[in-house]
*Asks:* 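I'd like to ask you about the structure that follows.
Because only heavy atoms are used, hydrogens play no part in the values below, and waters and symmetry mates are left out as well, while side chains stay in.
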2 protein chains.
Amino acid sequence: MRPLFHPAIEDVRPEAILHALADPSRAAIFAKIMQAGCVEACSAVAAVGDRVIPKSSLSNHIKVLREAGLIRSERHGVEVRNHSRWIEVEARFPGLLAGIINAYASDVGSDLRAASKTVAR
Amino acid sequence: MRPLFHPAIEDVRPEAILHALADPSRAAIFAKIMQAGCVEACSAVAAVGDRVIPKSSLSNHIKVLREAGLIRSERHGVEVRNHSRWIEVEARFPGLLAGIINAYASDVGSDLRAASKTVAR
DNA sequence: CCGTTAGTTCCGAAGTTCCGAACTATGGGC
DNA sequence: GCCCATAGTTCGGAACTTCGGAACTAACGG
């Protein structure tokens with residue numbers, strides 16, 4: 001199976017990050033991965049709120065997050081483990097992720113309320 | 001002519017802001033409007049770097065920024081004056097715009113280097 | 001091996017974006 | 001008042017993106 005592609009941190013583009021996180025499901029998935037430190041399996045993340053994301057869409061969301069440089073995915077046997085590249089991204093674009101996560105968190109009805117606690121301000 | 005629609009600040013959604021600014025031309029337009037305080041005419045903003053944006057695309061970009069809640073547009077005779085809603089947006093989503101503008105500014109080759117000076121850190 | 005679980009790929013339908021051309025609105029000159 | 005120029009908007013089609021079901025592949029357990 002083809003190895004998973006990850007951009008080097010210096011190749012990460014702000015527009016890719018914004019595009020990736022402009023989708024609330026994707027932002028929620030990213031927030032979950034971030035909070036967990038290391039979420040085992042994409043499927044651990046398959047539900048956003050009360051809505052279940054179909055496998056193929058989920059696979060695609062994860063790919064978008066990965067190629068934007070937001071997460072790192074490793075195959076572990078039959079599953080893929082995802083963890084956030086928060087520290088690297090924060091070093092490259094200080095305040096960007098915190099601003100975004102907090103914006104979603106302060107937005108009523110969002111699934112990201114919990115994530116904002118992870119983001120020191 | 002139909003009046004221009006502006007969302008109330010409490011109706012502004014983070015995903016709309018991210019989507020609007022995920023496009024580098026739109027981010028550059030927003031940055032220009034922000035720096036100028038009040039840019040007269042859309043056309044004052046018609047070139048991004050060395051690339052000229054066609055009128056119809058520009059009109060659309062301005063509309064996206066307006067409906068995301070990032071700018072306010074007023075018709076003044078034959079032209080439209082745009083100014084940024086920075087202060088309102090900053091109050092609602094603290095750190096969001098600064099994070100985004102700085103991310104673009106620190107990205108080599110971006111047209112937003114100048115804008116970051118406007119953003120206190 | 002075969003079954004099961006986890007994820008990826010394929011592909012068609014639906015939606016979005018881009019931009020040229022045609023249009024509309026406003027103000028200035030005569 | 002009428003015409004022109006200027007500034008933006010709308011329309012429409014081609015190109016691109018997104019979504020999700022079905023079929024596929026990969027790895028492990030028995």
Side-chain angles (χ1 to χ4, degrees), chain A residues 1-6 13 15-30 32-33 36 38-68 71-83, chain B residues 1-6 13 15-30 32-33 36 38-68 71-83:
Chain A
M1 187 156 256
R2 171 149 18 114
L4 300 164
F5 172 76
H6 296 90
R13 324 240 64 219
E15 58 267 40
I17 293 183
L18 297 188
H19 174 249
L21 297 179
D23 180 315
S25 323
R26 229 138 46 198
I29 293 168
F30 177 63
K32 259 194 200 168
I33 292 174
C38 173
V39 164
E40 309 179 40
C42 296
S43 45
V45 108
V48 164
D50 50 358
R51 193 165 128 57
V52 174
I53 300 176
K55 263 157 76 109
S56 61
S57 306
L58 184 60
S59 179
N60 215 35
H61 284 325
I62 297 272
K63 187 178 166 207
V64 170
L65 291 172
R66 183 170 58 238
E67 295 185 347
I71 62 175
R72 205 173 276 283
S73 312
E74 288 161 31
R75 290 188 205 283
H76 268 246
V78 80
E79 66 191 24
V80 170
R81 289 187 199 165
N82 300 289
H83 50 101
Chain B
M1 187 155 254
R2 173 155 10 119
L4 299 163
F5 172 75
H6 294 91
R13 325 240 64 221
E15 58 268 39
I17 292 183
L18 297 187
H19 174 249
L21 297 180
D23 180 314
S25 324
R26 230 142 41 201
I29 293 168
F30 177 63
K32 260 195 198 167
I33 291 174
C38 173
V39 164
E40 309 179 41
C42 296
S43 44
V45 108
V48 164
D50 49 359
R51 195 166 127 56
V52 173
I53 301 175
K55 262 158 74 110
S56 59
S57 307
L58 185 60
S59 179
N60 214 36
H61 284 326
I62 297 272
K63 187 177 166 206
V64 170
L65 291 172
R66 184 170 58 239
E67 295 185 348
I71 62 174
R72 204 172 276 282
S73 312
E74 288 161 30
R75 290 189 206 281
H76 268 247
V78 80
E79 65 191 25
V80 170
R81 288 188 200 164
N82 299 289
H83 50 101

*Asks:* Would you say A:S59 places a side-chain N or O within less than 4.0 Å of OP1 or OP2 belonging to C:dG7?
*Replies:*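 Looking at the OP1 and OP2 atoms of C:dG7, neither is under 4.0 Å from any side-chain N or O of A:S59.
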
*Asks:* Would you mind telling me which of D:dC19, C:dC18, C:dG20 lies closest to the side-chain atoms of B:R26?
*Replies:*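 So the nucleotide nearest the side chain must be C:dC18.
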
*Asks:* Whole angstroms only, please: what is the CD1-P distance between B:I71 and D:dG8?
*Replies:*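 The distance from CD1 of B:I71 to P of D:dG8 comes to 12 Å, rounded to the nearest Å.
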
*Asks:* Whether A:H19 contacts D:dT18 is assessed here as follows: a side-chain N or O lying under 4.0 Å from the phosphate OP1 or OP2. Is that the case?
*Replies:*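 The answer is yes; a side-chain N or O of A:H19 sits under 4.0 Å from OP1 or OP2.
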
*Asks:* Rounded to the nearest angstrom, tell me the gap between atom CG in B:N60 and atom C1' in D:dC11.
*Replies:*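 So the two atoms are 12 Å apart, to the nearest Å.
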
*Asks:* Calculate the interatomic distance between A:E79 atom CD and D:dA26 atom P; express it in whole Å.
*Replies:*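 One finds 18 Å between P of D:dA26 and CD of A:E79, rounded.
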
*Asks:* Report the nucleotide, chosen from C:dT8, C:dC18, D:dG21, that has the shortest atom-to-atom distance to any side-chain atom of A:R75.
*Replies:*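 Of the candidates, C:dT8 comes closest.
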
*Asks:* If you look at every strand shown and take non-hydrogen atoms under 4.0 Å, does B:H76 touch a base, only sugar-phosphate, or nothing?
*Replies:*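 Contact class for B:H76: none.
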
*Asks:* Measuring from the side chain of A:V80 (C-beta onward, heavy atoms only), which nucleotide among C:dC19, C:dT8, C:dC18 has the closest atom?
*Replies:*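 Closest nucleotide to the A:V80 side chain: C:dT8.
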
*Asks:* So does B:S57 get a side-chain nitrogen or oxygen closer than 4.0 Å to the phosphate oxygens (OP1/OP2) of C:dC18?
*Replies:*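 For B:S57, the contact criterion (side-chain N or O under 4.0 Å from OP1 or OP2 of C:dC18) is not met.
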
*Asks:* Tell me the interatomic distance from A:D23, atom CG, to D:dT18, atom P, rounded to whole angstroms.
*Replies:*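 That distance rounds to 9 Å.
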
*Asks:* Considering non-hydrogen atoms only, spot the tightest contact between A:I71 and A:I62 and give its length.
*Replies:*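 In this case the closest contact between A:I71 and A:I62 is CD1-O, 3.8 Å.
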
*Asks:* What's the closest nucleotide to the side chain of A:S56 if the choices are D:dG20, C:dG20, C:dG7?
*Replies:*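 The listed nucleotide nearest to A:S56's side chain is D:dG20.
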
*Asks:* For A:K63 and C:dC10, what is the distance between atoms NZ and P respectively, to the nearest whole Å?
*Replies:*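 The answer, rounded to whole Å, is 10 Å.
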
*Asks:* Taking only residues two or more places apart in sequence, or in another chain, which ones meet B:N60 in a side chain to side chain donor-acceptor pair (under 3.5 Å)?
*Replies:*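 Not a single residue meets the side chain to side chain donor-acceptor pair (under 3.5 Å) criterion with B:N60.
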
*Asks:* I want to verify a distance call: between C:dA25, D:dA26, C:dT8, whose nearest atom is closest to the B:V78 side chain?
*Replies:*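 Shortest atom-to-atom distance from the side chain points to C:dA25.
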
*Asks:* Tell me the interatomic distance from A:I53, atom CD1, to C:dG7, atom C1', rounded to whole angstroms.
*Replies:*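 Nearest whole value for this atom pair: 15 Å.
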
*Asks:* Tell me whether the OP1 or OP2 atom of D:dG20 has a side-chain N or O from A:R51 closer than 4.0 Å.
*Replies:*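 A:R51 to D:dG20 OP1/OP2: side-chain N or O found under 4.0 Å.
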
*Asks:* Rounded to the nearest Å, what distance is computed from the CD1 atom of residue A:I62 to the P atom of nucleotide D:dT18?
*Replies:*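 After rounding, the gap between these two atoms is 16 Å.
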
*Asks:* Let me know which of B:I33, B:L4, B:L65 forms a side chain to side chain contact (heavy atoms under 4.5 Å, CB included) with B:S73.
*Replies:*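 Among the candidates, only B:L4 passes.
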
